[in-house]
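Shown next, in structure tokens, is the structure this report addresses.
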Amino acid sequence: MNNIPVKPPFFGYKSFDIASEGLLNVLSHKVLFEGRWGFSKRNLSDEEYRDIIENKAKPALEAFIEKEKSDPVIQCKATYGYYQCRSEGNSIKLFNKYATLARYWFPRQKKEPKLCLADFINSDQDDVIACFAVTLGSRIIEEEKKLFAANKYYEYHLLHGLGAELADCAAVCVHRRIHHELYPELSVLENKLAGCRYSFGYPSCPDLSNQKSLLTILDASKIGLSLTESFEMVPELSVSGFIIFNKYACHIVP
């Protein structure tokens, strides 16, 4: 599929820290309260639901924010970069002028037109893909373990749910940074960012073993990331992935 490649500010990777304030700025309270913490409306009246949000959910988040100011548990670090690439059949090959850096294979949709992510990368000319990895660090995991060991399961549930959502927020922060680097003249409107973000392990890119080469080209060990034998990231509250800049790639379910 013909695609006009973006012009990145650099090739290779960069690392940076993300302050907890930055994560909280992109945090969706609705997703956190309902999706992560389970404060959903269900059969409650509007008044009953509002009471739960105002007297349970919001105070719990505010308590974390206040505690984070004096005793921070979030140590968010990110690494991201731009890489030359081309598609070859069902695969995307990442390379520089010296060697092939990585190659990723993708399954095709079972229904017509039976597309896969490789279809949205140029095969006859160099294209560009962005890769990233973020982690909240190990301190928040240690805090979770303390709560669990002390039988404070409710507090553990809240902290783990918040951490999982903040890890996703870190991925959004990196995506926003990439958007601003590629299109500094375009503001972020309604969270519409340049490109479509994907992570290994989802239906469109299910092979978790691809994490290994992804973290290698990003030198993710420098931000404290490693993999288990089953290619799960350590620390747990971490997210990695890649961004394809062909807008039609968004038609492929992550």
Side-chain angles (χ1 to χ4, degrees), residues 13 15 18 23 31-32 35-38 73-81 83 85 88-95 99-110 116-118 121 129-149 153 156-175 196-244 249 252-254:
Y13 71 90
S15 301
I18 304 177
L23 303 179
V31 173
L32 173 65
R36 300 291 189 180
W37 284 357
V73 297
I74 296 176
Q75 302 166 324
C76 187
K77 296 182 180 296
T79 179
Y80 77 105
Y83 299 90
C85 64
E88 294 182 357
N90 292 2
S91 70
I92 298 175
K93 180 178 72 173
L94 281 60
F95 58 90
T100 296
L101 302 174
R103 186 190 295 269
Y104 304 126
W105 280 265
F106 302 96
R108 290 199 168 274
Q109 294 176 320
K110 294 182 179 179
C116 80
L117 289 178
I121 295 293
I129 193 170
C131 301
F132 71 90
V134 296
T135 180
L136 296 192
S138 58
R139 176 75 194 282
I140 187 171
I141 302 297
E142 294 168 0
E143 189 65 21
E144 286 183 10
K145 290 178 179 179
K146 290 179 182 178
L147 292 173
F148 195 86
Y153 302 124
Y156 164 83
H157 166 72
L158 294 181
L159 182 59
H160 184 73
L162 176 59
E165 190 57 32
L166 290 180
D168 284 342
C169 289
V172 173
C173 288
V174 174
H175 199 166
C196 307
R197 190 170 71 248
Y198 295 89
S199 292
F200 292 116
Y202 288 90
S204 60
C205 40
D207 190 353
L208 265 182
S209 67
N210 286 323
Q211 298 267 54
K212 185 175 181 179
S213 58
L214 181 71
L215 297 193
T216 297
I217 64 174
L218 291 168
D219 204 4
S221 62
K222 286 188 175 180
I223 64 168
L225 272 174
S226 61
L227 293 173
T228 66
E229 291 184 357
S230 56
F231 305 106
E232 299 284 349
M233 284 186 291
V234 179
E236 178 184 352
L237 296 175
S238 304
V239 177
S240 67
F242 56 95
I243 299 171
I244 292 177
I252 299 291
V253 177

- [ ] With side-chain contact (heavy atoms from CB on, under 4.5 Å) as the test, would you mind laying out the steps for V172 and R197 before giving the verdict?
- [x] CA-CA 9 Å; V172 173; R197 190 170 71 248; 3.7 Å; yes
Task: Stepwise side-chain contact (heavy atoms from CB on, under 4.5 Å) check, L166 with I140 - done: CA-CA 11 Å; L166 290 180; I140 187 171; 5.8 Å; no
Task: Residue pair N90, F106: steps toward the side-chain contact (heavy atoms from CB on, under 4.5 Å) verdict - done: CA-CA 6 Å; N90 292 2; F106 302 96; 5.6 Å; no
Task: Trace of the side-chain contact (heavy atoms from CB on, under 4.5 Å) decision for Q109 with I252 - done: CA-CA 9 Å; Q109 294 176 320; I252 299 291; 3.5 Å; yes
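Side-chain contact check for L225 versus P235: some heavy-atom pair is nearer than 4.5 Å. Taking 4.5 Å as the limit, every side-chain heavy atom of I18 sits out of range of all side-chain heavy atoms of K77. Looking at heavy atoms from C-beta onward, L162 lies out of side-chain contact with R36 at the 4.5 angstrom threshold. Counting heavy atoms from C-beta outward, Y80 and V134 have side chains that stay 4.5 Å or more apart. The shortest distance between side-chain heavy atoms of L208 and P206 does not fall below 4.5 Å. Put simply, the side chain of H160 reaches to within 4.5 Å of the side chain of L237, judged on heavy atoms. Under the 4.5 Å side-chain criterion, counting only non-hydrogen atoms from C-beta, L215 is in contact with S240.
Counting all heavy atoms, side chain and backbone alike, S91 lies closest to A118 at O-CB, 3.6 Å. Across R103 and N210, no two heavy atoms sit closer than the pair O-OD1, 4.1 Å. Taking both residues in full, the closest heavy atoms of I244 and I92 are given as CD1-CD1, 4.3 Å, listed atom of the first, atom of the second, then distance. Between F132 and A171 the shortest heavy-atom distance is CE1-CB, 3.8 Å. Among all heavy-atom pairs drawn from A78 and V174, the shortest one is CB-CG2, 3.8 Å. Counting all heavy atoms, side chain and backbone alike, P107 lies closest to S204 at CD-O, 3.5 Å.
Judged by distance alone, with hydrogens and angles left aside, the side-chain atoms of Y104 form no donor-acceptor pair with the main-chain N or O of C205 at under 3.5 Å. The backbone N or O of A220 sits nowhere less than 3.5 Å from a side-chain atom of T79 that would complete a donor-acceptor pair. Judged by distance alone, the side chain of T135 and the main-chain N or O of G137 form a donor-acceptor pair under 3.5 Å. Within the 3.5 Å criterion, the main-chain N or O of L158 finds a donor-acceptor partner in the side chain of W37.
Distance CG/L214 to CD1/I217: 5.5 Å, rounded to 0.5 Å. Once rounded to the nearest 0.5 Å, the distance linking CG of L218 with OG of S213 reads 9.5 Å. Considering OG of S238 and CD1 of I141, their distance stands at 7.5 Å, rounded to 0.5 Å. Between the OG atom in S138 and the NZ atom in K145 there is a gap of 9.0 Å [rounded to 0.5 Å]. Separation of atoms CG (L23) and CD (E165) is listed at 10.5 Å; rounding is to 0.5 Å. E232 contributes atom CD, which lies 9.0 Å from atom CG of L227 (distance to the nearest 0.5 angstrom).
A ring-centre distance under 6.0 Å is found for F242 and F200.
With sequence neighbours excluded, the residues satisfying disulfide (SG to SG under 2.5 Å) with C196 are C250.
Note on ring orientation: taking the six-membered ring where Trp is involved, the planes of F148 and Y156 are perpendicular (angle over 60°, cut-offs 30° and 60°).
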